[in-house]
Number of protein chains: 2
Amino acid sequence: MTATLKDVANRAGVSTSAVSRTFTDGASVSLKMRRKVEKAAAELGYSPNFLARSLTTRRTKLIGLVSNNFHNPIFLQVFDLFTRGLQDRGLRPLLVNLSDEVDPENSLRMLQQYSVDGAIVASSTLPPVFSKAFRDQKLPVVHTFGRYTSSPDVHVVGIDNVEAGRMAARELVERGYKKVAYLGGPQLATSAQDRLEGFERELSQHPDVAQSHSYAAAYSFEAGRAEMLRLLKENPAEAYFCADDVLSIGALSAVKDMGLRVHEDIGIIGLNDMEMSGWENINLTTIHQPIRQIISSSIELMVAMLDEPDRYPEARLFPCRVVERGTLRPRP
Amino acid sequence: MTATLKDVANRAGVSTSAVSRTFTDGASVSLKMRRKVEKAAAELGYSPNFLARSLTTRRTKLIGLVSNNFHNPIFLQVFDLFTRGLQDRGLRPLLVNLSDEVDPENSLRMLQQYSVDGAIVASSTLPPVFSKAFRDQKLPVVHTFGRYTSSPDVHVVGIDNVEAGRMAARELVERGYKKVAYLGGPQLATSAQDRLEGFERELSQHPDVAQSHSYAAAYSFEAGRAEMLRLLKENPAEAYFCADDVLSIGALSAVKDMGLRVHEDIGIIGLNDMEMSGWENINLTTIHQPIRQIISSSIELMVAMLDEPDRYPEARLFPCRVVERGTLRPRP
DNA sequence: GTTTTTTTTGCAACCGGTTGCAAAAATTAT
DNA sequence: ATAATTTTTGCAACCGGTTGCAAAAAAAAC
C-alpha cells in the first residue's frame, strides 16, 4: 500500500542504503544523491516507517504516559502540557490508564512490548514501588507528582508536600484561627499523608491552636462535600485545610448548604489552584502548585535520561505559593 | 538486554517458529512443545515485541487518539472512557494534541509513521475535512463528536446538534419565556452553528417569542462570563441557551455578580451535563449528552472497521435529554 | 504391521528498515 | 599526470519477529 524504502530505491535507481541515509540525519550522502532520492520519495509519497526503524536503532520515541487520575480536572491540564511538551520534542505519548484495578504488572509488560523509550508516571497516588518496577526493568522513568524522599529510587518531580502542609498551617495560624483541621483524600495517597505530616508538625509549634484531621472517601467533589457535612454537624473547626481543590469545592458547597458563610463562619484553604478555583463563584483561597514547571521539568529530565539511562536519580521539588482569594478571613 | 525469540528458542532447543507459534493464538503447536517453550520463556522473562511483530502482521494495535480540546473538563472523562475502552480491547491509544497550530498534515504523517491501525478524532471543532484526510489515506477513522451530515464521508458518532438546539428552544418556550437568546462559543465551531440553527428553527414556530444570539470568544468560563456581563448591561433576554456548560457556568457567575438572581431574573440552560454542573453550588439545568454511549459506540465502530476497512460510512447519533436542575424557572 | 491421513515442526524467505565494511568515486596533494 | 586522502556508495548482515511450504512425526485406518 504505502511506499517502502525499496520502492523509492528502485524508482531512484539507487541502493536502499542510500535512501535510508537520506532520511537519517547525520548520515553521509552527496547532495546529488539526496536530490534524486528526495524526488523519488516525493513522487511516491514515501515517509519512513518508525517502527521498522526502531528495530535497529532501538529507539521508538514512544513514551508511556501512565496515570490513574482521570477525575481531577487538573489532570486535563497535565495531559495537555505533557502531550504538547513531548510532541514538541519529537516524542509520542502512549497513554496508559491505570484507573481500575488494571494490573500494574500488566501495564509494565505492555509498555515493554511496545518498546517505549521511557515512562512518565503522573500520579500522586501511585506507590513508589510502582515506578521502581520500571526502573528495575532498566526503563527510564520519572515519577511526576511523586513523593519526595531523601534518597529516591527513581526520578521524582513535584512539590514538597510536607512543606505545603506547613504552609497551609502557617497561613491559618497567621490569620488567627484557633481551631483548625485537615481534610484529606483517601488515606492511602502518600501525598496526602505528607501534607498532613507537615500540617501537624507546623501546628505542634503553636500549642494554643487545636487541631484534628479526617479523610474523605475519594478525591472528589461528592466525597469532600459528604465529609464536610458530617464534620459540620459534629464539632466543626474554624478553618480547614483540604488536601485538594476538588475536595475544597465540595466542602464549600457543604458549608453553604448548612447555611453557614464561608470565611466568616468557616475558613477553607485548598491545594492545587485549579482553573475553576479562580472562578468568581468559587473563589477559593488555595496553594498553587507550579504545574507548568513541574511538567516541563519532567520532560526535560526524561529527555536527558534517554541519552544517559543510568543517570543518578534526583528529586526536583518546586516551591508552592498561597493564592489569596475569598475563603479565608483576612490577615489581622 | 531483554530476551528475544531466538534466546527462547535456543534455551528450549527448538526452532524460532515454534516459539513464535506458542505466542500466536490459533497456531498449531503440540501441548508438549508449548510446555517446553513456555518454561524457557518464563525463565528468561520473555514477552514478544509487538512492534517487530507488527512488521509482518501489519497490525500494531495502536490507535491514534486525536483531539484539540484540552480545556473543557468534559474531555477528561472523554479520555478516561476512551483509554479504558481501548485498552480493554487490547488496543493502545497514541495521544495526539492538536491544540495549537500543530500542522494537521504533520500529525497525519506522524500517525502513518507509527503505523496506527486507525484514528479516532475526538472534537466538535475540527472540520470534517480533517478526518476526511485520514480516510483518503485508507486509515480507518471515526470522528467522535463530529458533525452530522446526511451523507457523511467518514464515520461520525455524536449527537444531533440541530435537534439539541430545538430541544433547548422547546424547553424555554414551554416554560413561558418570551424573550430568549443563544450564547454560542467561537463562531467557527460547526457544532455551535448547528445548535443555533436548531434553536432558531424551533423558535420560528413561535413568533411571539423574541430571539437573538451572540458568541463568546472561546469555550471557556472567562469568555462566557465576559459575554454575559456585556449582554446584561445592554438589553438582556429572559433566558439563555448556552452552547456548552462551561460557558453556562461563566454566565451564571456574571448573573450573580450583577446582583441578579438565576432563574428568577435570568434563566440559563446549558449543554453537556458535565460533572460539575450537578454540583450543588452550580446546579445547572442542562442538556445531557450521553458521553458513555457515544464513546463506547465509537470504539465498537473502530473495532469493526479494523476487520472491515471499507465499511460504508455511517452516522451514529444519540438522543439527548434535559436534566432539570435549578437555573430555569419551573414549568407552568 | 503397513498405509493413509492428520498434526506438528523446521527451513528459509520476508516485513521495512539500519549500519559496518570495503570498494568506488571524487578530491586534494605532489 | 600520478599518488594519497577523503567522501560517497552498495553489499550483505542484522533488528525481532511471522508464515507458506514441505518434511517429519504422530495418529488413525486398514
Side-chain angles (χ1 to χ4, degrees), chain A residues 1-41 44-62 109-117 137, chain B residues 1-41 44-62 109-117 137:
Chain A
M1 182 92 281
T2 57
T4 73
L5 194 67
K6 217 169 287 180
D7 299 331
V8 179
N10 287 342
R11 177 174 258 264
V14 301
S15 73
T16 60
S17 336
V19 181
S20 171
R21 289 189 178 109
T22 306
F23 286 92
T24 310
D25 24 43
S28 155
V29 223
S30 69
L31 197 64
K32 211 188 302 176
M33 170 70 80
R34 155 157 276 132
R35 289 273 155 71
K36 222 182 339 179
V37 171
E38 277 172 348
K39 180 156 173 292
L44 294 171
Y46 168 79
S47 69
N49 180 327
F50 270 36
L51 303 183
R53 169 181 287 176
S54 78
L55 227 45
T56 40
T57 60
R58 321 195 129 260
R59 280 289 178 89
T60 56
K61 292 182 174 271
L62 248 27
R109 194 173 59 240
M110 184 253 114
L111 289 174
Q112 278 181 166
Q113 292 185 317
Y114 279 97
S115 319
V116 296
D117 289 346
Q137 300 294 323
Chain B
M1 183 90 282
T2 57
T4 73
L5 195 65
K6 218 168 287 180
D7 299 330
V8 178
N10 286 342
R11 177 175 259 265
V14 301
S15 74
T16 59
S17 337
V19 181
S20 172
R21 289 190 177 109
T22 306
F23 286 93
T24 310
D25 25 41
S28 155
V29 224
S30 69
L31 196 65
K32 212 188 302 175
M33 171 69 80
R34 157 157 275 134
R35 288 275 156 70
K36 219 178 347 174
V37 170
E38 277 172 349
K39 180 156 173 290
L44 294 171
Y46 169 79
S47 71
N49 180 326
F50 270 36
L51 303 182
R53 169 181 287 175
S54 79
L55 226 44
T56 41
T57 60
R58 322 198 126 259
R59 280 289 178 87
T60 55
K61 293 184 173 268
L62 249 26
R109 195 174 56 240
M110 184 254 114
L111 288 174
Q112 278 181 166
Q113 293 184 318
Y114 280 96
S115 319
V116 296
D117 289 346
Q137 300 294 321

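Residue numbering restarts at 1 for every chain, and letters A, B, ... go by the order of the sequence lines.
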Using a heavy-atom cut-off of under 4.0 Å over every strand shown, decide if [X] touches base, sugar-phosphate, or nothing.
X	answer
Val19(B)	nothing
Ser30(B)	sugar-phosphate
Thr4(A)	sugar-phosphate

Please report the distance, rounded to the nearest Å, between [atom1] in [X] and [atom2] in [N].
X	N	atom1	atom2	answer
Met33(B)	dT9(C)	CE	P	4 Å
Leu51(B)	dC14(D)	CG	P	22 Å
Tyr114(B)	dG17(C)	OH	P	14 Å
Phe23(A)	dG16(C)	CZ	P	16 Å
Gln112(A)	dG16(D)	CD	P	14 Å
Phe50(A)	dG16(C)	CZ	P	16 Å
Arg58(B)	dG16(D)	CZ	P	20 Å
Gln113(A)	dG16(D)	CD	C1'	13 Å

* To do: Can you measure from CG (Leu62(A)) to CZ (Phe50(A)) and round to the nearest 0.5 angstrom?
  =>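 Between atom CG of Leu62(A) and atom CZ of Phe50(A) there are 10.5 Å.
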* Asked: Start at the 5' end of DNA chain C and walk down; is the nucleotide closest to Ala18(B) or to Leu55(B) reached first?
  ->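 Counting from the 5' end, the first nearest nucleotide belongs to Ala18(B).
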* Which heavy atom of Lys61(B) sits nearest a heavy atom of Asp117(B), and at what distance? ->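 In terms of heavy atoms, the two residues are closest at N-OD2, 2.6 Å.
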* Thr60(B) and Tyr114(A): which non-hydrogen atoms are nearest, and at how many Å? ->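 Here Thr60(B) and Tyr114(A) meet closest at O-OH, 2.8 Å.
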Among [options], which is the nearest nucleotide to the side chain of [X]?
X	options	result
Arg53(B)	dT18(C), dT9(C), dT18(D)	dT18(D)
Thr24(A)	dT18(C), dG17(D), dG10(D)	dT18(C)
Ala52(A)	dT18(C), dG17(C), dT9(C)	dG17(C)
Tyr46(B)	dC21(C), dG17(D), dG17(C)	dG17(D)

* Name of the residue among Asn49(A), Thr22(A), Val19(A) meeting side-chain contact (heavy atoms from CB on, under 4.5 Å) with Leu5(A) ->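 Of the listed options, the one satisfying the test is Val19(A).
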* Asked: Can you check whether Asp7(B)'s main-chain N or O pairs, donor with acceptor, with Asn10(B)'s side chain at less than 3.5 Å?
  ->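 Checked: no pair found.
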* Asked: Does the side chain of Ser17(A) get closer than 4.0 angstrom to OP1 or OP2 of dG10(D) through an N or O atom?
  ->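 Ser17(A) to dG10(D) OP1/OP2: no side-chain N or O under 4.0 Å.
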* Thr56(B) side chain N/O closer than 4.0 Å to the phosphate oxygens (OP1, OP2) of dT18(D)? ->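 Checking Thr56(B) against dT18(D): no side-chain N or O falls below 4.0 Å of OP1 or OP2.
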* Look at the side chain of Arg21(A) against the base of dG10(D) and say whether a donor-acceptor pair falls under 3.5 Å; ignore hydrogens and angles. =>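 A donor-acceptor contact between them is present.
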